[in-house]
Every structure is written in C-alpha cells, then in structure tokens.
Amino acid sequence: MKPKIELRDVHKSFGPKHVLRGVDLSVQKSESMVIIGGSGTGKSITIKSVLGLIKPDKGEVWVDDIRADKARGKQRDILLNKFGMLFQGGALFDSLKVWENVAFRMRRRMSAGDARDVAIEKLRRVGLGPENADLFPAELSGGMQKRVGLARAIADDPEIIFFDEPTTGLDPIMSDVINDLIREVVVEMGATALTITHDMTSVRKIADKVAMLHNGVIQWTGPVDDLDTCGDPYIDQFIHGRAEGPIEALR
Amino acid sequence: MAVLSALHGFVAGIGASVLSLFRATGALVLFAAQAILHIFTPPYYGREILRQMLRIGYFSLPVVGLTALFTGAVLALQIYIGGSRFNAEGVVASIVAIGIVRELGPVLGGLMVAGRVSASIAAELGTMRVTEQIDALTTLSTNPFKYLVAPRILAGVLTMPILVAVADTIGIMGGFLVGVNRLNFNASTYIANTVDFLQAGDIISGLIKASVFGFIITLLGCYHGYNSGRGAQGVGTATTNAVVSASVLILAANYILTEVFFST
Ligand SMILES: Nc1ncnc2c1ncn2[C@@H]1O[C@H](COP(=O)(O)OP(=O)(O)O)[C@@H](O)[C@H]1O
Ligand SMILES: [Mg+2]
C-alpha cells in the first residue's frame with residue numbers, strides 16, 4: 001500500500017552539525033507511528049521537514065501525492081490543511097485567548113460565535129471546561145496548556161496529526177490522560193499520527209509502530225509488539241534506559 | 001612574518017565584515033520586498049492592523065508628546081539667544097515652527113518610537129520565533145508575513161504621520177509657552193508669526209519623513225524579531241539590533257529625504 005507519509009534519504013545539517021544523515025521512514029494511512037530517540041538526535045527536525053518548516057539539504061518527502069519539501073503556493077496550502085501539530089512547547093499564541101487559539105484555523109470561514117462554539121466543544125474533548133475559554137494561555141498550568149495545544153491540533157479534524165513530546169514535563173497522571181486522548185483521537189478520527197517521545201509508557205500506549213532515530217538515521221523500525229523481542233541493541237539499551245551500550249551517553 | 005600574518009588577518013577581517021554587511025543588506029531588502037508584497041495582497045487582517053496602529057500611535061503619544069513639548073521650549077530659548085545677536089529676536093515663532101515641523105518633530109519622534117516600538121516588536125516576534133509560535137502559525141495555514149509582518153509595517157506607515165502631526169502641534173505649543181511667558185512675546189503676534197510663515201511644503205515634507213520612519217521602525221523590528229537567534233539571548237540580541245539599526249537608518253534616511261526636499 002502506498003504510504004501516507006514517506007521520507008526518502010533525508011539529510012539536514014546546521015553548519016558543521018550533520019543532524020539527519022539519510023532518514024528513511026514511511027507511515028501508512030490511519031497508523032500511529034512513534035519516533036523515539038535521545039535528546040538532540042533530530043526528531044523534531046524530522047517532523048518539521050515533513051511540514052516544510054525546514055528544508056532538507058537532500059532527499060525527498062512525500063505526503064500522499066505531494067512532494068512536501070518542494071510544495072509551494074496552492075499545493076502547500078492543500079498540504080498544510082491536512083495537518084494538525086502539537087508543538088513541543090505548546091506554542092500557544094499568548095496574545096490570543098484560549099478559545100481563539102483553538103479556533104484559529106476555523107476563524108477565517110466561520111463567524112466568531114460559531115468558531116467559539118466549536119472551540120468549546122474541542123476543549124471539552126480534551127477535558128477542559130468552558131470556563132477556560134476566555135482565559136489567556138499564560139493563566140493556565142503547563143498541563144492545561146498542553147491540552148489546549150492538543151485541542152488546537154485536532155480542532156479542524158486533520159488527516160494527519162503530529163505530536164512533539166506530548167507528555168514531557170507532565171506528571172505521570174496527566175501524561176496518562178494525554179496518552180489516552182491521543183489514542184482516542186487517532187482511533188475515533190481515523191487520523192494518521194506521528195508522535196515523538198522518549199517516554200516508554202507513552203510508546204506502549206499510543207504506538208502501532210515504532211521507529212528509533214539515532215546518529216541521523218532510523219536504526220530500527222517495526223511493530224510496537226516486537227520492541228521487547230527484536231534484539232536490536234539500540235532499542236534494547238533505550239527501552240531499558242541503560243548507560244552502557246551502543247548509544248554513547250554524553251557526560 | 002608576524003607582521004605580514006597580522007596584516008593578513010586584519011585585511012581578512014575587514015573583508016569578512018564587508019561581506020556580512022552586504023549579506024545583511026540583501027536579506028533586509030528581500031524581507032522588505034516580501035513584506036510589501038504581502039501588504040498589498042489578500043487576505044487582510046484588519047483587526048491586527050488596528051491593534052498595531054493603537055500600539056504604535058496611541059501608546060507612543062505620551063513619550064512623543066513630552067519630547068516635542070520640551071524640544072519646542074528649548075528651541076524657543078536657543079533661537080532667541082541666537083537671534084538676539086543679529087537683533088532678530090522676532091523670528092523665534094516662525095523658526096520654532098519650521099524647525100519642529102520640518103525636522104525635529106519627525107526625527108525626534110522617530111527616534112523615540114524606534115526605542116519603544118522597534119524594541120517591542122523585535123522582542124515580541126523574537127519570542128514567537130523561539131517558542132515556535134511562528135512555526136505554529138504556518139502549520140495553521142496562516143502566512144506569518146501576512147499575519148505578523150504586514151499589519152505592523154502598514155500600521156507604522158499610516159500611524160507615524162498622525163503621531164508626528166500631533167507632536168508638531170505640541171512642540172509649537174512648547175515654543176509658544178516659553179515665548180509668551182518667559183520671553184514676553186505677545187501671544188497673538190506669536191501665533192500670527194507661526195501661521196504666516198509656515199508653508200504647506202514644510203508640513204508635508206515632515207509628514208512624509210514620518211511615514212518613511214514608520215516604515216523603517218516597524219521593518220527593522222519585524223526583521224530582527226523574525227530572524228531571532230535561539231533562546232533568550234537570541235531575543236535580547238534581536239531587540240538591541242532592532243533599536244540600533246532603526247535609529248541609524250532613520251538618521252541616514254532623514255539626510256537623504258532632506259536633500260530630496262531641499263532640491264525640489
Ligand atoms: N534552527 C537550528 N539551528 C541550529 N541548530 C539546530 C536548529 N534546530 C535544531 N538544531 C540542532 O539540531 C539537533 C536536533 O534538534 P531537534 O530535532 O530539535 O532534536 P530532538 O530530537 O531533541 O527533537 C540539535 O542538536 C539542535 O541543536
Ligand atoms: Mg524535539
């Protein structure tokens with residue numbers, strides 16, 4: 001089957017730093033793929049290259065039949081309309097109210113009243129009451145901001161959703177709530193999901209498939225059920241969090 | 001040998017800075033061209049434009065008004081001293097008006113607003129850059145140039161002349177207050193002298209300057225903020241660079257504009 005998202009031999013450097021050294025990855029439609037890997041290995045850069053937020057130095061990125069890394073104008077609009085994205089830091093617009101953040105994409109084709117109603121419905125979906133709608137993001141706790149970011153990412157029922165470290169910095173209970181939400185969204189909406197995390201609990205909860213990024217390439221990829229039995233030394237070291245192994249820990 | 005290599009290092013250093021100056025200029029020109037293109041093509045974000053006009057114009061009024069008031073007052077005193085050496089104290093009213101309207105209103109107003117607005121735009125957009133809000137805009141199918149840059153620059157171009165017109169009036173009033181209360185001019189004569197000798201060209205040239213300065217202030221704020229480096233330090237550097245480069249460019253543009261108005 002033709003993948004929904006496909007990266008072929010993607011390279012990206014920042015100055016002398018060769019971050020991506022030939023990433024190959026494909027995600028099927030309605031599949032939940034999770035990318036794991038250490039901090040600074042280029043996970044965020046990988047998904048930003050799919051969104052066209054950074055231009056790869058080499059390689060191809062395909063989303064359906066669109067060459068995502070080359071798309072411009074109308075094609076890029078079509079492409080971006082397929083996506084919802086939860087940023088690592090939330091990236092909520094701090095000059096806008098919570099509901100305006102959530103309804104941001106719909107605001108252009110809806111009246112303020114309708115957009116607000118949709119936003120309140122999406123907030124409810126992520127467990128936030130309507131009393132939060134008129135607050136500003138800075139007035140919310142970290143966990144609530146994450147949920148607003150999630151509501152914004154799913155607000156316009158995107159075909160593809162990216163979650164960049166959705167549970168980092170949250171307490172275990174809130175992490176579990178977010179994991180459930182992500183799984184729910186993927187199953188209910190039938191969306192294709194690509195999640196970045198280094199939280200193994202998240203991985204087991206939301207992944208259909210797992211890919212491990214290390215040294216600028218995908219070291220291993222396979223179904224989540226194979227994680228414990230695959231025998232890959234990188235995976236083994238990562239999931240057990242050992243300092244010794246093929247992945248060199250910087251001290 | 002040591003001298004030669006030091007010399008080589010020195011020359012290479014100059015070459016590198018010249019190259020980077022050219023590169024920065026080119027990037028700024030491209031940025032400006034892109035911004036102007038987006039100002040004139042839909043969609044337009046009317047609410048954003050109004051918000052920025054309020055921020056640039058209305059909230060700058062106190063600082064620009066006070067600057068103008070004291071400048072007009074000082075100008076009246078200085079021109080009186082200068083004029084008395086030629087027995088020409090009578091010119092105070094008209095020279096204060098011409099000086100304020102043609103030069104000091106727009107330039108000092110521009111520099112004050114550069115300090116206030118360039119800095120806050122650079123800090124705002126820089127923070128949005130480092131917290132990925134600018135990336136988020138893109139993924140929400142909103143062009144950051146249209147939503148962030150174009151409204152700010154348009155607001156600067158439209159608002160600065162209004163702000164400077166108000167500042168001119170306040171500045172002339174500062175001169176009037178000193179002239180009448182301190183230098184014992186007759187109030188109605190002072191006003192008559194102000195009005196009679198001021199020409200439309202004085203006012204218009206000053207307001208055109210104001211508009212250009214509004215462009216420079218908002219452009220440099222946006223440019224440095226949008227291209228901010230990473231982290232809090234990146235935002236700090238962007239803010240400083242915005243104020244410094246906007247101020248220098250205002251003074252340079254002022255000379256060029258004055259030459260143009262001088263010869264027409
Ligand atoms: N805009 C940038 N300029 C320079 N270096 C960058 C930039 N963005 C990311 N990097 C570097 O690329 C590497 C990978 O970044 P990232 O994809 O954010 O890592 P992570 O896997 O933790 O998400 C990091 O070492 C980071 O310092
Ligand atoms: Mg990251």
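These numbers were taken from a predicted model, which means no experiment stands behind them. Values reported hereafter were calculated over all heavy atoms of this structure, with side chains retained and with hydrogens, waters and symmetry mates removed. The chains referred to below are lettered A, B, ... by the order of the sequence lines, with proteins before strands, and numbering in each begins at 1.
Of the listed residues (A:D77, A:D94, A:L79, A:N81), the one with the most heavy-atom contacts under 4.5 Å to chain B is A:D94. Note on A:R152, A:Q88, A:R76: by heavy-atom pairs under 4.5 Å with chain B, the leading option is A:R152.
Of the listed residues (A:D156, A:D157, A:D117), just one forms a side-chain hydrogen bond (donor to acceptor under 3.5 Å, both in side chains) with A:K122, and that residue is A:D157.
Side chain to side chain, B:R116 and B:S60 meet the donor-acceptor criterion of an N or O pair below 3.5 Å. B:S245 and B:H224 share a donor-acceptor pair across their side chains, judged by distance under 3.5 Å alone. Side-chain contact of B:S120 with B:R55: a donor-acceptor pair under 3.5 Å is present, judged by distance alone.
Contact annotation for A:F104: only side-chain heavy atoms (C-beta onward) come within less than 4.5 Å of a heavy atom of chain B.
Using a 4.5 Å cut-off on side-chain heavy atoms (C-beta onward), A:E188 and A:R125 make contact. You'll find the side chain of A:L123 reaches within 4.5 Å of the side chain of A:V98, heavy atoms only. In this structure, the side chains of A:T41 and A:K43 come closer than 4.5 Å at one or more pairs of heavy atoms.
Listed by sequence position, B:D135, B:A136, B:L137, B:T138, B:T139, B:L140, B:S141, B:T142, B:Y147 are the residues of residues 134-161 of chain B in contact with chain A, using a 4.5 angstrom heavy-atom cutoff.
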